[in-house]
J.: 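Just passing along the structure, written as structure tokens.
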Amino acid sequence: MKAVEIKKDVYWVGARDWNLREFHGYNTPDGSTYNSYLIMDDKITLVDGVKGYMTAEQLARVRSIVDFGKISYVVVNHVEQDHSGSIPEIMKLAPQAVIITNSAGKMALEAHFDTTDWQYQIIKTGDVVNIGKRNLSFLTTPMLHWPDSMMTYVAEDKLLLPNDGFGQHLCVEALFVKDYPNDLVVKAAKSYYANILLPYGSQAEKALASAGEMKLDIDMIAPSHGLIWSGKDEVAQILGLYDTWAQGKNVRKAVVVYDTMWGATAKLAEVAMAEFQDADIPVVKYNLGVTHISDVMTDVLDAEYVLVGTPTLNNQIFPRVAAFLTYMKGLAPKGKKGLAFGSYGWRPGVVKEVKQVMDDLGWQTAESFEEKYTPKSDVLNRFAEKVKIFIGS
Ligand code: FEO
């Protein structure tokens with residue numbers, strides 16, 4: 001397996017995980033990559049590891065360029081195991097190497113691995129490490145999305161290595177965004193933001209502001225998942241998208257998400273969708289029986305209206321809807337207008353629990369709507385009226 005040169009003397013030495021279909025609860029139908037970068041300078045530097053079971057692939061790509069015994073620095077931008085899994089093996093092969101990370105990174109490494117003989121250089125935002133012709137500088141981005149998260153910037157190459165930031169769970173033969181349909185990369189980047197970084201919008205805004213203050217001149221962003229953004233236009237594209245998502249800007253569109261047992265909640269969902277269509281507002285409808293919760297979140301990210309429908313099962317929220325609500329609560333999308341609806345057999349009330357989740361998220365909510373057994377035309381008309389008012393709210 002070979003390394004791929006992405007800038008002069010800077011190589012991609014990552015691993016492609018073609019078969020990944022699930023990433024801690026996130027549906028990944030297109031697999032993922034764990035990108036690592038090797039910088040050949042006076043002090044040879046390896047940036048980031050890969051997931052443990054992909055270690056052999058990373059080692060082979062590094063060895064196609066250099067022996068591990070010649071590596072001076074290993075930069076650990078983030079200790080989540082999809083990026084640190086190979087680090088113990090790397091440190092066995094390169095015991096002379098010094099790990100560059102921040103103090104939270106050191107603590108996390110020590111909490112995950114036997115680090116007895118590892119040497120560290122602890123950095124903070126703005127610190128610079130000279131490796132020969134190049135200067136590496138660092139931007140710590142705590143809670144974007146772990147306490148240890150940080151980004152590495154190579155000034156001489158105008159290259160940002162932001163680890164999880166700007167990534168996508170996308171495994172394809174192409175390495176660069178320019179070599180793959182742009183709309184598919186953007187969709188994957190949006191999905192990644194919605195499912196990994198969404199709770200940390202304020203930290204993302206802070207990171208973008210700090211990068212601005214540091215006046216980083218960037219013409220390539222090489223994340224540790226997915227494809228590399230190269231050239232000023234692509235860099236501006238992804239920075240602009242992150243700015244929009246981090247600010248929690250919504251667009252006028254609706255997501256109707258529901259599950260159904262005997263079709264009652266599905267009928268209500270159909271009515272809700274029709275009302276948005278009649279109002280010329282883009283709307284998507286997802287049945288949780290056939291759609292993964294993480295795919296729904298990608299649309300929730302920038303939707304103004306979110307409607308959640310549930311049947312009642314044994315006096316509880318239907319389990320797949322409950323799973324969606326738990327997942328969404330953790331990701332904490334802001335500034336939505338919410339409407340809960342659903343059906344019951346003999347005990348009403350669980351739809352109010354759905355509304356409560358929306359209230360807890362600080363959304364503007366309408367009174368919830370629920371109906372006993374199968375809604376007849378008068379009920380459907382009543383619900384249509386309610387949705388109309390909700391749209392105008
Ligand atoms: Fe790609 Fe937070 O790990």
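Throughout, residue positions are numbered sequentially from 1 according to the sequence presented.
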J.: What residue pairs, at least two apart or across chains, pass salt bridge (Lys or Arg N to Asp or Glu O under 4.0 Å) with a residue in residues 74-97?
T.: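 Every salt bridge (Lys or Arg N to Asp or Glu O under 4.0 Å) pair that includes a residue of residues 74-97, provided the two are not neighbours, is Glu89-Lys92.
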J.: Checking Gln203 now: which residues fulfil side chain to side chain donor-acceptor pair (under 3.5 Å) with it, not counting sequence neighbours?
T.: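 Side chain to side chain donor-acceptor pair (under 3.5 Å) list for Gln203, sorted by chain: empty.
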J.: Return each pair, listed once, that meets ring-ring contact (aromatic ring centres under 6.0 Å, His included) where at least one residue sits in residues 231-257; pairs must be two or more places apart or across chains.
T.: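 Applying ring-ring contact (aromatic ring centres under 6.0 Å, His included) to every pair that reaches into residues 231-257, excluding sequence neighbours, yields Phe166-Tyr242, Tyr193-Tyr242, Tyr193-Trp245, Tyr242-Trp245.
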J.: If only side-chain N and O atoms count, and only distance matters, is there a donor-acceptor pair under 3.5 Å linking Glu385 with Asn381?
T.: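 No, Glu385 and Asn381 have no side-chain donor paired with an acceptor closer than 3.5 Å.
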J.: Kindly state each residue pair satisfying side chain to side chain donor-acceptor pair (under 3.5 Å) with at least one member in residues 317-328, sequence neighbours excluded.
T.: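 As it turns out, the side chain to side chain donor-acceptor pair (under 3.5 Å) pairs with a partner in residues 317-328, which skip direct neighbours, are Asn195-Tyr327, Asp259-Arg320.
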J.: Give me each pair satisfying salt bridge (Lys or Arg N to Asp or Glu O under 4.0 Å) with a member in residues 169-188, each pair once, sequence neighbours excluded.
T.: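 Counting only pairs at least two positions apart or across chains, no salt bridge (Lys or Arg N to Asp or Glu O under 4.0 Å) contact touches residues 169-188.
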J.: Excluding sequence neighbours, so at least two apart, what forms side chain to side chain donor-acceptor pair (under 3.5 Å) with Arg16?
T.: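 Testing Arg16 for side chain to side chain donor-acceptor pair (under 3.5 Å), a comparison that skips the adjacent residues, returns none.
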J.: Assign the ring pair Phe390 / Tyr305 to parallel, tilted or perpendicular, where the plane angle (0 to 90°) is split at 30° and 60°.
T.: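 Ring orientation of Phe390 relative to Tyr305: perpendicular.
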J.: Quick one: which residue pairs count as a salt bridge (Lys or Arg N to Asp or Glu O under 4.0 Å) with a foot in residues 278-299, not counting sequence neighbours?
T.: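 Checked against salt bridge (Lys or Arg N to Asp or Glu O under 4.0 Å) - neighbours excluded - the pairs reaching residues 278-299 are Lys253-Asp299, Glu270-Lys285.
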J.: Under the side chain to side chain donor-acceptor pair (under 3.5 Å) definition, can you give me all pairs with a residue in residues 93-104, not counting sequence neighbours?
T.: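 Pairs touching residues 93-104 that pass the test: none.
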J.: Which hydrophobic side chains are connected to Leu161, either touching it within the sub-4.5 Å cutoff or through other members that do?
T.: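 Its cluster partners, ordered by chain and number, are Val4, Ile6, Val10, Trp12, Tyr37, Ile39, Val47, Tyr73, Val75, Val98, Ile100, Ile123, Val129, Ile131, Leu136, Phe138, Met150, Val154, Leu159, Leu175, Phe176, Met220, Ile228.
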J.: Using the salt bridge (Lys or Arg N to Asp or Glu O under 4.0 Å) rule, collect all pairs that involve residues 198-218, keeping only residues at least two apart or in two chains.
T.: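 The answer is Lys158-Asp217, Asp217-Lys232.
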J.: Kindly write out the residues that satisfy salt bridge (Lys or Arg N to Asp or Glu O under 4.0 Å) with Lys51, not counting sequence neighbours, or none if the list is empty.
T.: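 If we apply the salt bridge (Lys or Arg N to Asp or Glu O under 4.0 Å) test to Lys51, skipping adjacent residues, there are no hits.
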J.: Can you sort out the partners of Lys334 under side chain to side chain contact (heavy atoms under 4.5 Å, CB included), two or more places apart, ordered by chain and number?
T.: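 Testing Lys334 for side chain to side chain contact (heavy atoms under 4.5 Å, CB included), a comparison that skips the adjacent residues, returns Ala332.
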